[in-house]
Amino acid sequence: MMSNIVKLLRFRLSYPKIVLSIFGQAHYFLIAIFLFKHDLIDELDSPLLLDFDFYFILLLSVLFSITWFLMNISLTTVLLFLSHDKKYEDGSAIFINTMFYSIAYLTISLVLNYFMGLGFKHFVVLAYSFLALKIVWNVLKGKFKITNNKS
């Protein structure tokens, strides 16, 4: 129990990392809004910097990114807490890997959604299914380890 608490305390995040992660992922949601949410884009006026709807779209993409970040980091923290593996001791390496996988998955979701001709709702469902896949992957990985250790 105490080693799990120590692992969680080592998983510290600095504000620059948090801001970089949120804004690094916000552009994926911004691209998705521009590609798949045509009714919002049609309301934009010519000088974008003077249009309220443009700032609404930017805010919406940042809010999607914040929820993505909070859900992802919360899930990672819980999975770290449940993990008993020594290789997960370094919090910054885990954070970098988690963000790398998140960006890769958002890219794949964006490309798949575009080529399949789906709408914005489908992109959001596909993007947030990353968290479900992460849970399933860790459960299967844990099950394989338990089965492998019994042999």
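Because only heavy atoms are used, hydrogens play no part in the values below, and waters and symmetry mates are left out as well, while side chains stay in.
- Distance check: Leu40 CG to Phe34 CZ gives 9.5 Å after rounding to the nearest 0.5 Å.
- With rounding to the nearest 0.5 Å, the separation of CD1 in Ile66 from CD1 in Ile22 is 5.0 Å.
- In this structure, the side chains of Ser65 and Phe23 stay at 4.5 Å or more apart for every pair of heavy atoms.
- Legend: residues meeting side-chain contact (heavy atoms from CB on, under 4.5 Å) with Thr67, ordered by chain and number and at least two apart, are Tyr128.
- We find the CG-CG distance between Leu133 and Leu140 to be 10.5 Å, quoted to the nearest 0.5 Å.
- Residues Phe64 and Val125 fall into different hydrophobic clusters, defined by Ile, Leu, Val, Met, Phe, Trp and Tyr side chains chained together at heavy-atom separations under 4.5 Å.
- We find the OH-CG distance between Tyr105 and Leu131 to be 9.0 Å, quoted to the nearest 0.5 Å.
- In terms of the side-chain contact (heavy atoms from CB on, under 4.5 Å) criterion, residue partners of Ser102 (sequence neighbours excluded) are, by chain and number, Gln25, Trp68, Asn72, Thr98, Phe130.
- Tracing side-chain contacts under 4.5 Å through hydrophobic residues (I, L, V, M, F, W, Y), one never reaches Leu20 starting from Leu106; they form parts of separate clusters.
- Sequence neighbours left out, the pairs with a member in residues 32-42 that pass salt bridge (Lys or Arg N to Asp or Glu O under 4.0 Å) are Lys37-Asp39.
- Residues passing the side-chain contact (heavy atoms from CB on, under 4.5 Å) test with Asp53, sequence neighbours excluded: Glu43, Leu44, Asp51.
- One hydrophobic cluster, built from ILVMFWY side chains closer than 4.5 Å, holds both Ile103 and Phe29.
- Residues Leu58 and Val62 have side chains not in contact (no heavy-atom distance under 4.5 Å, counting atoms from C-beta outward).
- The side chain to side chain donor-acceptor pair (under 3.5 Å) search around Tyr55 returns none, not counting sequence neighbours.
- The structure places NZ of Lys134 at 10.5 Å from OH of Tyr101, a figure rounded to the nearest 0.5 Å.
- Partners of Leu59 under the side-chain contact (heavy atoms from CB on, under 4.5 Å) rule, at least two apart in sequence or in another chain, are Leu63.
- Using a 4.5 Å heavy-atom threshold, the side chains of Leu110 and Phe36 count as touching.
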Between side-chain atoms of residues 113-120 and protein atoms elsewhere (two or more places apart, or another chain), which donor-acceptor pairs fall under 3.5 Å?
| from | atom 1 | to | atom 2 | distance (Å) |
| --- | --- | --- | --- | --- |
| Asn113 | ND2 | Gly119 | O | 3.1 |

